[in-house]
Amino acid sequence: MSQTVYLNGTFLPLDQATIPVLDRGFIFGDGVYEVIPVYSGQPFRLDEHLQRLQQSLQAVRIRNPLLLEQWHEITLSIVKANAELTDQSLYLHITRGVAPRDQAFPPAELAPTVLVMSLPLETPAKSLVAQGVEAISALDIRWDRCHIKAISLLANVLLKQQAVDAGVAETIMFREGMLTEGTSSNIFAVEQGVLLAPPKDQHMLPGITYDVVLELAATNGIEVSIGPVSEARIRTADELWMTSSTKEVLAIISLDNQPIGTGQPGPLFKRMYTLYQNFKNTVMRQQVPHG
Ligand code: PDD
């Protein structure tokens, strides 16, 4: 049976959800999106994701077609409609709407296109967490507005495929010799017990998981240094991690075939992974009634 999605005010099966070819998302990649993890039927950090969505919409000057309460209702309805999936990855997608092909904005009253759907959330298996993953590096060839969660992801797609072609999990990007992020993740490094994080600027997506990791570091006495991190420091770091809503926290054990640190997930990673799982289980799982 086809899963239920929300499209422009209607709940319907995915295989019946269609958009006109003149949708500006299809024609120009003119839109923004969010990916929200759902654990035991509850969206994780929903308000923070909706706030980032609002910021992305504002940055590209698309009006938010729904009120916060409506976003809550729709996302929760989609989670319930797909309840056979305990853990889900909620996908919210808004485009500037359907209009004759012209790069200039259509009239302001045009209704944006809104899609909400849910996919199975497959967090990394325990074995992968224990083993860590490999990565390659590449120049960050993306635009100068990477803080916007834009649906136009062609550069990310090409860079991610480089990782797939190399048989590794992620491509870590550098701009002018400085770390930016992964193609679909934020990157942290560890140097002599200190957690290094690049600053939230226009060169990276301000990750919700990035915030959780920094909060957990702060509440657990882990020393953090937020600031530009050079490529040289990434290559000689004791540990590297990637974080995202779907991958949570994963250790990167090699970069361009060279081991990072000991070439195994490091002690601070193991600590953060446990802190993250405990935090997630405390705020999410325990609220779910049994039976
Ligand atoms: N991607 N940087 C980029 C470029 C991303 O696409 C993502 C997430 C992140 C991590 O952000 P968060 O912790 O809020 O998930 C960083 C999602 C998962 C995606 O596009 O599928």
Side-chain angles (χ1 to χ4, degrees), residues 25 29 31-39 43-56 59 75 87-94 115-124 133 135-164 169-175 178-189 195 197-217 226 229 240-250 252 272-273 275-277 279-280 283-284:
V32 299
Y33 76 108
E34 271 301 322
V35 176
I36 309 169
V38 175
Y39 299 108
F44 183 63
R45 299 234 152 171
L46 179 60
D47 286 336
E48 287 82 350
H49 280 278
L50 291 174
Q51 204 178 350
R52 186 172 67 185
L53 180 67
Q54 177 64 35
Q55 283 159 2
S56 294
T75 50
D87 291 351
Q88 305 175 19
S89 168
L90 261 181
Y91 181 79
L92 280 48
H93 178 114
I94 301 165
L115 169 71
V116 180
M117 63 181 178
S118 168
L119 306 164
L121 175 66
E122 279 152 23
T123 50
V133 297
I136 55 167
S137 67
L139 269 186
D140 194 338
I141 55 168
R142 301 172 304 159
W143 69 335
D144 233 348
R145 299 283 183 280
C146 293
H147 59 293
I148 302 170
K149 205 159 169 60
I151 61 169
S152 25
L153 287 168
L154 189 51
N156 301 60
V157 166
L158 293 174
L159 288 159
K160 176 69 92 181
Q161 190 57 36
Q162 284 184 25
V164 173
E170 182 60 299
T171 301
I172 298 181
M173 298 179 283
F174 297 99
R175 192 187 285 261
M178 294 293 159
L179 168 70
T180 56
E181 59 181 339
T183 64
S184 56
S185 61
N186 292 117
I187 304 292
F188 290 86
L195 184 58
K200 283 184 184 174
D201 61 16
Q202 74 278 22
H203 299 315
M204 69 168 235
L205 186 79
I208 305 297
T209 323
Y210 169 102
D211 283 343
V212 175
V213 164
L214 289 184
E215 281 169 36
L216 289 172
I226 300 174
V229 188
L240 279 187
W241 311 345
M242 58 185 274
T243 67
S244 83
S245 293
T246 49
K247 297 287 185 280
E248 301 183 333
V249 194
L250 268 183
I252 295 174
M272 181 54 72
Y273 180 80
L275 289 171
Y276 192 90
Q277 295 306 316
F279 176 74
K280 184 178 102 180
V283 295
M284 310 302 292

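Keep in mind it's a predicted model, so treat the numbers as computed, not measured. As the structure lists them, so they are numbered: ligands from 1, and atoms in each ligand from 1.
- Not one N or O on the side chain of Thr209 forms a donor-acceptor pair closer than 3.5 Å with the backbone of Thr243.
- Of the protein's non-hydrogen atoms, the one nearest atom 18 (C) of ligand 1 is Thr246 OG1, 3.9 Å.
- Contact annotation for Cys146 and ligand 1: no heavy atom of the residue comes within less than 4.0 Å of the ligand.
- At the shortest separation from atom 21 (O) of ligand 1 among protein heavy atoms lies Val35 CG2, 3.6 Å.
- Under the side-chain hydrogen bond (donor to acceptor under 3.5 Å, both in side chains) rule, Glu181 has a single partner from His203, Arg175, Arg142, which is Arg142.
- Within the cation-pi definition used here (under 6.0 Å to the ring centroid, within 45° of the axis), Lys200 does not qualify as a partner of Tyr210.
- For the pair Asp211 and Glu48, the minimum side-chain heavy-atom distance is 4.5 Å or more.
- Using a 4.0 angstrom heavy-atom cutoff, Val212 does not count as in contact with ligand 1.
- Taking a 6.0 Å sphere around NZ of Lys247, one finds it holds 12 or fewer heavy atoms contributed by other residues, nucleotides or ligands.
- Ser245 OG, 2.7 Å is the protein heavy atom nearest to atom 15 (O) of ligand 1.
- Nearest protein neighbour of atom 20 (O) of ligand 1, counting heavy atoms only, is Tyr33 OH, 2.7 Å.
- Protein heavy atom at the shortest distance from atom 10 (C) of ligand 1 is Asn186 OD1, 3.6 Å.
- For atom 2 (N) of ligand 1, the nearest non-hydrogen atom of the protein is Glu181 OE1, 2.6 Å.
- Residues that satisfy the ring pair (Phe, Tyr, Trp, His ring centres under 6.0 Å) test with Phe279, not counting sequence neighbours, are absent from this structure.
- Taking every non-hydrogen atom of Lys149 and a distance limit under 4.0 Å, the qualifying atoms of ligand 1 come out as 1 (N), 6 (O), 8 (C), 17 (C), 19 (C), 20 (O).
- Put simply, the side chain of Ser56 gets close to the backbone of Lys149: a donor and an acceptor are under 3.5 Å apart.
- Aromatic ring pairs are classed by plane angle as parallel below 30°, tilted from 30° to 60° and perpendicular above 60°; the pair Phe44 and Tyr39 is perpendicular.
- Not a single heavy atom of Met204 sits less than 4.0 Å from an atom of ligand 1.
- Closest heavy-atom approach to atom 5 (C) of ligand 1 among the candidates Gly207, Ser244, Ser184: Ser184.
- For the side chain to side chain contact (heavy atoms under 4.5 Å, CB included) test with Asp140, the passing option among Leu179, Ile172, Thr171, Thr180 is Thr180; the others fail.
- Between Ile208 and ligand 1, at least one pair of N/O atoms sits closer than 3.5 Å.
- Nearest protein heavy-atom neighbour of atom 13 (O) of ligand 1: Thr209 OG1, 2.5 Å.
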